[in-house]
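I have a structure I would like to understand better, so I am pasting it below and will then ask my questions one at a time.
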Amino acid sequence: AAGVIQSPRHLIKEKRETATLKCYPIPRHDTVYWYQQGPGQDPQFLISFYEKMQSDKGSIPDRFSAQQFSDYHSELNMSSLELGDSALYFCASSLGRGGQYFGPGTRLTVL
Amino acid sequence: AQTVTQSQPEMSVQEAETVTLSCTYDTSESNYYLFWYKQPPSRQMILVIRQEAYKQQNATENRFSVNFQKAAKSFSLKISDSQLGDTAMYFCAFRETGANNLFFGTGTRLTVIP
């Protein structure tokens with residue numbers, strides 16, 4: 001069965017640079033979520049989209065923005081990167097408010 | 001605010017034995033969803049099992065089952081016939097009915113010993 005696809009899988013950036021993470025949800029899933037997992041931490045919710053509209057917002061910094069496109073893929077844009085942004089970023093998708101299925105994650109390292 | 005507590009940072013179990021991971025949560029809502037996710041060394045987050053609070057029957061998925069005690073706000077995961085591939089971090093998670101985001105506990109690292 002098709003799963004959530006995230007790209008890139010690994011990303012290395014310098015401080016103050018920008019990064020864009022991409023997420024392709026499971027086909028026919030209409031809701032996308034972004035989570036951030038720091039080293040040794042549990043995942044923290046950042047933001048979600050339902051039918052291309054932002055549906056909920058968590059602890060997402062103002063330096064980050066996200067959107068969902070007409071094909072339901074989503075992008076998380078991160079600017080003015082800081083060392084503390086180094087983390088594993090998960091995208092998850094669901095059909096409505098059903099179970100959330102996670103992608104493999106993008107490991108972002110900020111040097 | 002919703003909180004999810006996993007009081008066992010680490011556990012171990014012999015292969016083929018049964019282990020139970022604990023989870024408690026706090027909410028003022030009457031209807032919600034509870035989940036267990038598994039995160040193996042690959043760091044992939046895998047949905048193991050889900051429970052809807054309005055259902056009294058405990059969810060079961062093959063070797064995985066839950067003991068959902070709504071009054072006690074407890075949601076434990078039982079793994080039967082433990083296998084080496086069950087070695088992972090296990091996160092308990094909570095979601096309100098009307099919300100999108102999951103609240104995760106801090107996780108329990110389970111090691112299955114051959």
Side-chain angles (χ1 to χ4, degrees), chain A residues 1 3-6 9-11 23 25-26 29-60 66 68 74 86-109, chain B residues 1-10 21 23-25 29 31-55 59-61 64 66 75 77 88-110:
Chain A
V4 176
I5 297 171
Q6 290 187 247
R9 294 292 307 277
H10 301 273
L11 191 58
C23 169
I26 292 172
H29 279 193
D30 52 17
T31 308
V32 168
Y33 314 79
W34 286 96
Y35 290 86
Q36 178 192 60
Q37 187 179 28
Q41 304 293 314
D42 54 284
Q44 296 292 314
F45 172 73
L46 294 178
I47 196 167
S48 64
F49 293 88
Y50 170 69
E51 286 290 345
K52 292 153 281 184
M53 299 290 290
Q54 181 181 309
S55 54
D56 215 342
K57 197 171 181 180
S59 52
I60 184 170
Q68 187 179 30
S74 178
S86 293
L88 189 57
Y89 290 83
F90 284 108
C91 173
S93 74
S94 70
L95 181 61
R97 293 200 171 105
Q100 295 182 23
Y101 294 87
F102 282 68
T106 293
R107 183 174 298 283
L108 173 66
T109 302
Chain B
Q2 286 74 24
T3 59
V4 180
T5 302
Q6 293 179 250
S7 58
Q8 306 151 314
E10 294 187 12
L21 309 184
C23 173
T24 58
Y25 57 93
E29 302 294 321
N31 199 20
Y32 44 86
Y33 297 87
L34 295 161
F35 307 84
W36 279 97
Y37 280 87
K38 168 185 177 181
Q39 188 174 41
S42 67
R43 306 301 302 277
Q44 173 81 45
M45 289 288 284
I46 302 166
L47 177 60
V48 175
I49 199 165
R50 59 177 284 181
Q51 175 81 40
E52 296 165 14
Y54 64 87
K55 290 186 178 178
T60 299
E61 287 289 343
F64 299 87
V66 299
F75 182 61
L77 175 70
M89 181 74 90
Y90 286 82
F91 289 100
C92 178
F94 169 98
R95 180 171 69 76
E96 289 180 6
T97 300
N100 291 295
N101 54 305
L102 293 172
F103 290 95
F104 287 88
T106 51
T108 296
R109 185 175 302 281
L110 176 68

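Order of the sequence lines fixes the chain letters, A, B, ..., with proteins taken first and strands second; residue numbering starts at 1 for each chain.
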(request) Measure A:Tyr50 against the heavy atoms of chain B and call it side chain, backbone, both or neither at under 4.5 Å. (result) neither
(message) Counting only non-hydrogen atoms closer than 4.5 Å, does B:Arg43 touch chain A with its backbone (N, CA, C, O), its side chain (CB onward), both, or neither?
(response) both
(message) Counting only non-hydrogen atoms closer than 4.5 Å, does A:Ser55 touch chain B with its backbone (N, CA, C, O), its side chain (CB onward), both, or neither?
(response) both
(request) Give, as side chain, backbone, both or neither, the part of A:Gln41 having an atom under 4.5 angstrom from any heavy atom of chain B. (result) backbone
(request) Nearest 0.5 Å please: distance from the CD1 atom of A:Ile47 over to the CG atom of B:Asn101. (result) 11.5 Å
(message) Can you tell me which portion of B:Phe104 sits under 4.5 Å from chain A's heavy atoms? Options are side chain, backbone, both or neither.
(response) both
(request) Name the member of B:Ser42, B:Gly105, B:Gly107, B:Ala93 that forms the most heavy-atom pairs with chain A at distances under 4.5 Å. (result) B:Gly105
(request) For the pair A:Gln100 (side chain) and B:Leu47 (backbone), establish whether a donor and an acceptor sit closer than 3.5 Å, ignoring hydrogens and angles. (result) no
(message) Need one label for B:Gln39: side chain, backbone, both or neither, based on atoms under 4.5 Å from any heavy atom in chain A.
(response) side chain
(request) Would you mind checking which part of B:Thr97 comes under 4.5 Å of any heavy atom in chain A, side chain (CB onward), backbone (N, CA, C, O), both or neither? (result) backbone
(request) Could you tell me which non-hydrogen atom of A:Gly99 sits nearest to which non-hydrogen atom of B:Phe35, and how far apart they are? (result) CA-CE2, 4.1 Å
(request) Take A:Gln37 and B:Phe91 through the test side chain to side chain contact (heavy atoms under 4.5 Å, CB included) and record every step on the way to the result. (result) CA-CA 12 Å; A:Gln37 187 179 28; B:Phe91 289 100; 3.6 Å; yes
(message) Main chain of B:Leu102, side chain of A:Tyr35: is a donor-acceptor contact present, judged purely on distance under 3.5 Å?
(response) yes
(message) Can you tell me if B:Tyr32 has over 12 outside heavy atoms packed within less than 6.0 Å of its OH?
(response) yes
(request) Please state whether the side chain, the backbone, both or neither of A:Ser94 comes within less than 4.5 Å of a heavy atom of chain B. (result) neither
(message) Counting heavy-atom pairs closer than 4.5 Å to chain B, which one of A:Leu46, A:Asp56, A:Thr31 comes out on top?
(response) A:Asp56
(message) Testing the basics here: between B:Met45 and A:Phe90, what is the closest heavy-atom pair and its distance to 0.1 Å?
(response) CG-CZ, 3.6 Å
